[in-house]
Amino acid sequence: MMALPGGRHLDSVPLQEQRLHFMQVDSVQRWMEDLKLMTECECMCVLQAKPISLEEDTQGDLILAGGPGPGDPLQLLLKRGWVISTELRRIGQKLAQDRWARVHSMSVRLTCHARSMVSEYSTISRTASQEMGQAEKLLMEKCSELSAVTERCLQVENEHVLKSMKACVSETLSLLGEHFGQLLELALTREVQALVRKIDTSDNIYITESTTGNLFGLTQEGAPLCRIIAKEGGVVALFKVCRQDSFRCLYPQALRTLASICCVEEGVHQLEKVDGILCLADILTDESHSEATRAEAAAVVAQVTSPHLSFTQHLTSFLENMEEIVTALIKLCQEASSGEVFLLASAALANITFFDKMACEMLLQLNAIRVLLEACGDKQRVDTPYTRDQIVTILANMSVLEQCGSDIIQENGVQLIMGMLSEKPRSGTPAEVAACERVQQKAAVTLARLCRDPDVAQEAVRLSCMSRLIELCRSPSERNSSDAVLVACLAALRRLAGVCPEGLQDSDFQQLVQPRLVDSFLLCSNMEESFV
């Protein structure tokens, strides 16, 4: 049973009605709070900006009206920032449709939101800087200019005049967006500076935990905020936490925040400056740290070695500590108590194999193939296509080494790789489907590389790998119509056909092996399945 102010209960009201009721109550309460900060003129603007029609861009007004709690400048900035960004986008859409009445009413509403943000932030923030004051002034001037020019457009009927005025409105809207972005960045920078300063100077574990949690929340708002945090010393402060024994229980939270910040170039550069890789290596190799702490350290390693980030490819300090890190990660994979820990450790290893070729040789010496293939039979550690994607990535990159083939055969790896050719999504979500495609593609690539070794090729033929590869080539549904999987399977099939041509029917040989690769690809990619 849910209770509302005044002792009323909504235990028998349908869920949608409850939600609407809560939205309305929150809206009224929020309006009453805003009323103290608004002049009578602004109240009139709000009333004028409320259309009677229930269009798609007005149905969210009740939700947007709910504001952050008192005294929370960060939440205020994020909430109001999101509202104003949404309004700017919607005004642009209505302007493109020449719906001038909506453009004007939404411009007035935008002015109210901007003035509310400025007023509320000034009330709860510290002393405003001259730069902030100038940015606020420019923003409000552009808001007034937009409201005035859109009002004039309502009175114009000549299409040619309206066309020229539309360009003026579009330019004003663009400049308004720039001024808003500058003001929001300045305000957020001030708040981030305060958080970083608190982490850097606090010796209280509870204050540091709360502040680090706030900083992590900001990293989830996107790359722009991660850049601000990195520039304002967030990486330095968090590594300071990770170097103090008294804060050991906060290491996982601090490392998780660091992993998020290092998705941007500024974060990785700051990590390099403070010898962050050395700190991560120390944490990973120190078994007195909890598994959760070492897993989060592995997540940071995975982030800074990501092959998708070009700016991480020149970490000289990583190469100096790579052997220790790789050894610790293999041990973490071997001892992982959960699928999440194994996933983080194996993802770090997979990225490292792209980062430097020496890593593959290290993994071979550390019996990584045995560790990884044994884990494939442990449902507690490996039970998702995302984890198998990491494993097969490591195997694919290691398969360029000549010694890899014998280790694969010894650990019954060919059969496991063949099983990966049949990877299917359970939920059907786009992310899981994409992961399954990657597993199939990399499994085929691994087979193609390994089958340079005649022993591996004979084992693959014995296990009927050729039949499965042919099925993947000829049946689009088996590979989810993925072209990448098709190319990899054709390459693997041709490699196997060179070892055992008698394993192919004439039609398969003539269509999938004999022609040029591009011709076989075009043939298979144009196949349409019959559902008759």
Side-chain angles (χ1 to χ4, degrees), residues 67-88 110 113-143 174-202 207-208 210-241 253-254 256-274 276 311:
D72 188 348
L74 269 173
Q75 287 304 311
L76 180 140
L77 290 170
L78 294 173
K79 180 77 173 181
R80 289 290 186 184
W82 181 80
V83 170
I84 293 172
S85 298
T86 302
E87 290 292 348
L88 284 168
L110 174 67
H113 284 310
R115 186 171 284 114
S116 293
M117 185 182 83
V118 170
S119 299
E120 291 172 4
Y121 184 66
S122 299
T123 302
I124 62 177
S125 67
R126 301 153 194 83
T127 306
S129 64
Q130 185 176 356
E131 191 177 14
M132 281 280 292
Q134 182 66 18
E136 291 172 358
K137 180 181 177 183
L138 288 172
L139 174 64
M140 295 317 303
E141 284 178 355
K142 282 299 170 186
C143 284
S174 178
L175 288 172
L176 193 158
E178 289 179 16
H179 291 317
F180 166 68
Q182 291 167 3
L183 175 60
L184 187 61
E185 183 174 355
L186 284 171
L188 286 170
T189 298
R190 289 182 60 196
E191 297 307 320
V192 167
Q193 288 172 344
L195 286 177
V196 171
R197 197 180 307 117
K198 190 180 289 188
I199 293 173
D200 197 39
T201 58
S202 174
I207 292 175
T208 305
S210 173
T211 311
T212 304
N214 290 338
L215 205 60
F216 175 74
L218 285 180
T219 65
Q220 304 308 294
E221 297 295 330
L225 265 166
C226 290
R227 291 190 184 94
I228 293 174
I229 293 170
K231 288 178 180 177
E232 299 306 323
V235 174
V236 179
L238 289 167
F239 270 114
K240 183 178 178 181
V241 171
Q253 186 183 45
R256 193 177 305 123
T257 307
L258 280 165
S260 297
I261 299 172
C262 288
C263 72
V264 297
E265 187 172 1
E266 293 82 355
V268 177
H269 287 164
Q270 290 298 315
L271 177 141
E272 180 84 339
K273 285 182 181 178
V274 297
F311 51 80

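All residue numbers refer to positions in the sequence shown, counting from 1.
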Trainee: Picking from L183, L176, L110, what satisfies side-chain contact (heavy atoms from CB on, under 4.5 Å) with I84?
Mentor: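 One option only clears the test, and that one is L110.
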Trainee: How long is the span from the CZ atom in F180 to the CG atom in L88, to the nearest 0.5 Å?
Mentor: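 That separation rounds to 7.0 Å.
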Trainee: Which atom pair, heavy atoms only, marks the closest approach of G267 to V235?
Mentor: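 What the structure gives for the nearest pair is O-CG2, 3.9 Å.
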Trainee: Is any side-chain heavy atom of P73 closer than 4.5 Å to a side-chain heavy atom of R190?
Mentor: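 Not in contact.
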Trainee: Evaluate the side-chain proximity of L218 to L78: yes if any heavy-atom separation is below 4.5 Å, no if none is.
Mentor: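 Answer yes - side chains close enough.
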Trainee: Mind running side chain to side chain contact (heavy atoms under 4.5 Å, CB included) on L138 and Q134 for me, showing each step along the way?
Mentor: CA-CA 6 Å; L138 288 172; Q134 182 66 18; 4.0 Å; yes
Trainee: Quick check: closest heavy atoms across V268 and C262, and the distance to 0.1 Å?
Mentor: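 Where V268 meets C262 most closely, the heavy atoms are CG2-O, 3.5 Å.
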Trainee: Salt bridge (Lys or Arg N to Asp or Glu O under 4.0 Å) with K273: which residues, sequence neighbours excluded?
Mentor: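 In terms of salt bridge (Lys or Arg N to Asp or Glu O under 4.0 Å), with neighbours along the sequence ignored, K273 is linked to no residue.
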Trainee: Check side chain to side chain donor-acceptor pair (under 3.5 Å) between Q253 and all other residues, then give those that pass, not counting sequence neighbours.
Mentor: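 Partners of Q253 under the side chain to side chain donor-acceptor pair (under 3.5 Å) test: none.
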Trainee: What's the shortest heavy-atom distance between L184 and G81, and which atoms?
Mentor: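 Closest approach of L184 to G81: CD2-CA, 4.3 Å.
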Trainee: Tell me, with the steps shown, if E136 and S122 meet side chain to side chain contact (heavy atoms under 4.5 Å, CB included).
Mentor: CA-CA 10 Å; E136 291 172 358; S122 299; 4.0 Å; yes
Trainee: Is there a side-chain contact between T257 and I229 (heavy atoms, below 4.5 Å)?
Mentor: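 No - every pair of side-chain heavy atoms lies 4.5 Å or more apart.
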Trainee: Measure the shortest side-chain to side-chain distance between E232 and I228 over non-hydrogen atoms and say whether it is less than 4.5 angstrom.
Mentor: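 A side-chain contact under 4.5 Å exists here.
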Trainee: Please report the closest heavy-atom contact between Q270 and A230, naming both atoms and the distance.
Mentor: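 Nearest pair, atom of Q270 first, then A230: CG-O, 3.6 Å.
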Trainee: Any chance you could measure M132, atom CE, to T189, atom OG1, to the nearest 0.5 Å?
Mentor: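 Those atoms lie 9.5 Å apart.
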Trainee: Roughly how far, to the nearest 0.5 Å, is the OG1 atom of T208 from the NZ atom of K240?
Mentor: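 The OG1 atom of T208 is 9.5 Å from NZ of K240, to the nearest 0.5 Å.
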Trainee: Between atom CZ of F216 and atom CD1 of I261, what is the distance when rounded to the nearest 0.5 Å?
Mentor: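 With rounding to 0.5 Å, CZ (F216) is 10.0 Å from CD1 (I261).
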Trainee: Taking atom CG of L271 and atom NE2 of H269, what is their separation to the nearest 0.5 Å?
Mentor: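 One gets 10.5 Å once the value is rounded to the nearest 0.5 Å.
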Trainee: For the CD atom on E131, are there more than 12 heavy atoms of other groups (residues, nucleotides or ligands in this structure) within a distance under 6.0 Å?
Mentor: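 No.
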Trainee: Please tell me if the side chains of V236 and V196 come closer than 4.5 Å, counting only heavy atoms from C-beta onward.
Mentor: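 No, their side chains stay 4.5 Å or more apart.
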Trainee: Please indicate whether E185 has more than 12 foreign heavy atoms, meaning atoms of other residues, nucleotides or ligands, lying under 6.0 Å from its CD.
Mentor: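 No, because the 6.0 Å sphere around CD of E185 holds 12 heavy atoms or fewer from other groups.
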Trainee: Does anything in residues 217-230 form a side chain to side chain donor-acceptor pair (under 3.5 Å)? List the pairs, not counting sequence neighbours.
Mentor: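 Passing the test, one end in residues 217-230: Q220-S260.
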Trainee: NZ/K137 to NE2/H179 distance, rounded to the nearest 0.5 angstrom?
Mentor: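 These two atoms lie 12.0 Å from each other.
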